[in-house]
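Here the structure is a predicted model, which means the values were calculated and not measured.
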Amino acid sequence: LTVAFFAFFAGINFVQSTHLIRQYISGALLFYAFALYLTNRNGWALIAALYACAVHNGTAPMIPAVVATFWLFRYRGNAKRGFGAILIRGVAMLVVLAATMAAIPLVQGEFITKEVPNIHAVHFLIVGAFFVIANVAIRVQHLRLKSLHYTRLAFLAIYILSLGFFIVGLPLYALRYFAYLEWLYGLLLGAIIFHLFRNPG
């Protein structure tokens, strides 16, 4: 991490002219932090997450929202929650995500409303359909795995955050946080493939 930190910040060019590359490096480090968290190496997960924030400041406001979502819907194995408990936690999660949406433009110091040609409603429809299909596959196979539980929560939180920005007319922020979903596609696709191979007919 020390060597990588030096390499990332040795030149001003990296900070000023490679914004998208920095975001992808930050997302990769955040995914690494997620993997560390799933294996109960929480100290290293925290270090990797902080490092991800240092690489790209757009990562920092998103982490508390995802962590709060994890805390609200903590993994409980085969235990079931009542509808009322899920509803209350769901509302709390939406409040946290709304607060995050309000805070991000303030942290970034700008409200960017200009049109962005790379993101449209159809992107959210396709990714939303993919998420629904993955959830159906997971439920049909009764895959009660800690990794899939938190993957779905992270995916849902980031998806809602990005969609919220798109709805309120801040497409650049919508695109920025939509990109963070890319590291989670593989895990959900794995659940779909697992379902297909378990039921080849």
Side-chain angles (χ1 to χ4, degrees), residues 1-5 7-8 19-77 79 89-90 92-94 96-97 99-101 103-104 107 123-124 127-128 130-135 137-139 141 143-165 173-195:
L1 287 177
T2 302
V3 173
F5 187 84
F8 289 165
H19 181 76
L20 185 59
I21 294 174
R22 286 190 295 118
Q23 183 180 354
Y24 271 87
I25 293 172
S26 179
L29 287 167
L30 194 59
F31 186 69
Y32 179 55
F34 179 59
L36 290 169
Y37 170 74
L38 290 177
T39 54
N40 297 317
R41 289 178 282 183
N42 296 332
W44 284 109
L46 177 60
I47 291 172
L50 291 174
Y51 186 33
C53 296
V55 173
H56 191 274
N57 60 2
T59 303
M62 182 183 69
I63 291 177
V66 174
V67 170
T69 302
F70 284 0
W71 183 81
L72 286 168
F73 294 95
R74 294 182 292 279
Y75 178 71
R76 296 171 55 186
R89 287 178 170 85
M93 183 187 77
L94 292 177
V96 170
L97 293 175
T100 303
M101 279 185 58
I104 285 175
V107 172
H123 293 113
F124 290 98
V127 172
F130 169 76
F131 181 70
V132 170
I133 292 170
N135 274 278
I138 290 168
R139 288 187 175 276
Q141 291 296 324
L143 299 177
R144 302 186 185 278
L145 304 174
K146 181 181 178 181
S147 57
L148 284 178
H149 175 80
Y150 285 119
T151 297
R152 288 185 292 168
L153 287 177
F155 197 101
L156 183 62
I158 298 170
Y159 179 85
I160 292 174
L161 185 64
S162 176
L163 179 61
F165 278 124
Y173 288 123
L175 178 61
R176 179 175 298 170
Y177 290 98
F178 193 84
Y180 285 101
L181 294 174
E182 293 188 12
W183 286 269
L184 301 173
Y185 288 143
L187 298 177
L188 293 181
L189 180 61
I192 296 173
I193 293 174
F194 181 78
H195 169 69

Neighbour count >12 (heavy atoms, 6.0 Å) for atom CZ, Arg74: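 Atom CZ in Arg74 is crowded, with more than 12 foreign heavy atoms closer than 6.0 Å.
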
Is there a side-chain contact between [X] and [Y] in this structure, where contact means two heavy atoms from C-beta onward sitting under 4.5 Å apart?
| X | Y | value |
| --- | --- | --- |
| Phe130 | Leu189 | yes |
| Ile21 | Ile25 | yes |
| Ile63 | Leu30 | yes |
| Leu148 | Gln141 | no |

Compare every heavy atom of [Y] with every heavy atom of [X], then report the nearest pair and how far apart it is.
| X | Y | result |
| --- | --- | --- |
| Leu181 | Phe155 | CD2-O, 3.6 Å |
| Thr100 | Ala65 | OG1-CB, 3.4 Å |
| Ala191 | Ala137 | O-CB, 4.0 Å |
| Gly58 | Tyr177 | O-OH, 2.6 Å |
| Ala52 | Leu29 | CB-CB, 3.9 Å |
| Ala49 | Ala33 | N-CB, 3.8 Å |

For Met93, side-chain contact (heavy atoms from CB on, under 4.5 Å) partners two or more places apart: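 Thr69, Leu72, Phe73, Leu97, Leu156, Ile160.
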
Qualifying residues under side-chain contact (heavy atoms from CB on, under 4.5 Å), relative to Thr39, sequence neighbours excluded: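 For Thr39 the side-chain contact (heavy atoms from CB on, under 4.5 Å) partners, ignoring immediate neighbours, are Arg41.
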
Side chain to side chain contact (heavy atoms under 4.5 Å, CB included) between Leu46 and Leu36, worked out: CA-CA 9 Å; Leu46 177 60; Leu36 290 169; over 6 Å; no

Short side-chain to backbone donor-acceptor contact, Ser26 and Val55, under 3.5 Å: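 Checked: no pair found.
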
Check: Tyr75 ring centroid to Phe70 ring centroid under 6.0 Å: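 Centroid distance Tyr75-Phe70: not below 6.0 Å, so no.
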
Ring centroid separation Tyr51 to Trp44 under 6.0 Å: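 No; Trp44 has its ring centre 6.0 Å or more from that of Tyr51.
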
Side chain to side chain contact (heavy atoms under 4.5 Å, CB included) evaluation trace for Leu184 with Phe31: CA-CA 8 Å; Leu184 301 173; Phe31 186 69; 4.3 Å; yes

From [X] atom [atom1] to [Y] atom [atom2], the distance as rounded to the nearest 0.5 Å:
| X | Y | atom1 | atom2 | value |
| --- | --- | --- | --- | --- |
| His56 | Arg176 | NE2 | CZ | 5.0 Å |
| Gln23 | Leu175 | CD | CG | 8.0 Å |
| Ile138 | Leu188 | CD1 | CG | 5.5 Å |
| Phe178 | Ile158 | CZ | CD1 | 11.5 Å |
| Leu187 | Ile192 | CG | CD1 | 11.5 Å |

Aromatic plane relationship, Tyr173 with Phe165 - under 30° parallel, 30 to 60° tilted, over 60° perpendicular: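 Rings of Phe165 and Tyr173: tilted, as their planes differ by 30° to 60°.
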
side-chain hydrogen bond (donor to acceptor under 3.5 Å, both in side chains): pairs with one or both residues in residues 149-165, sequence neighbours excluded: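 For residues 149-165, and leaving out neighbouring residues, the side-chain hydrogen bond (donor to acceptor under 3.5 Å, both in side chains) pairs sorted by first residue read Asn135-Arg152.
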
Among Tyr32, Phe34, Tyr24, the one residue meeting ring-ring contact (aromatic ring centres under 6.0 Å, His included) with Trp183: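 Answer after filtering Tyr32, Phe34, Tyr24: Tyr24.
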
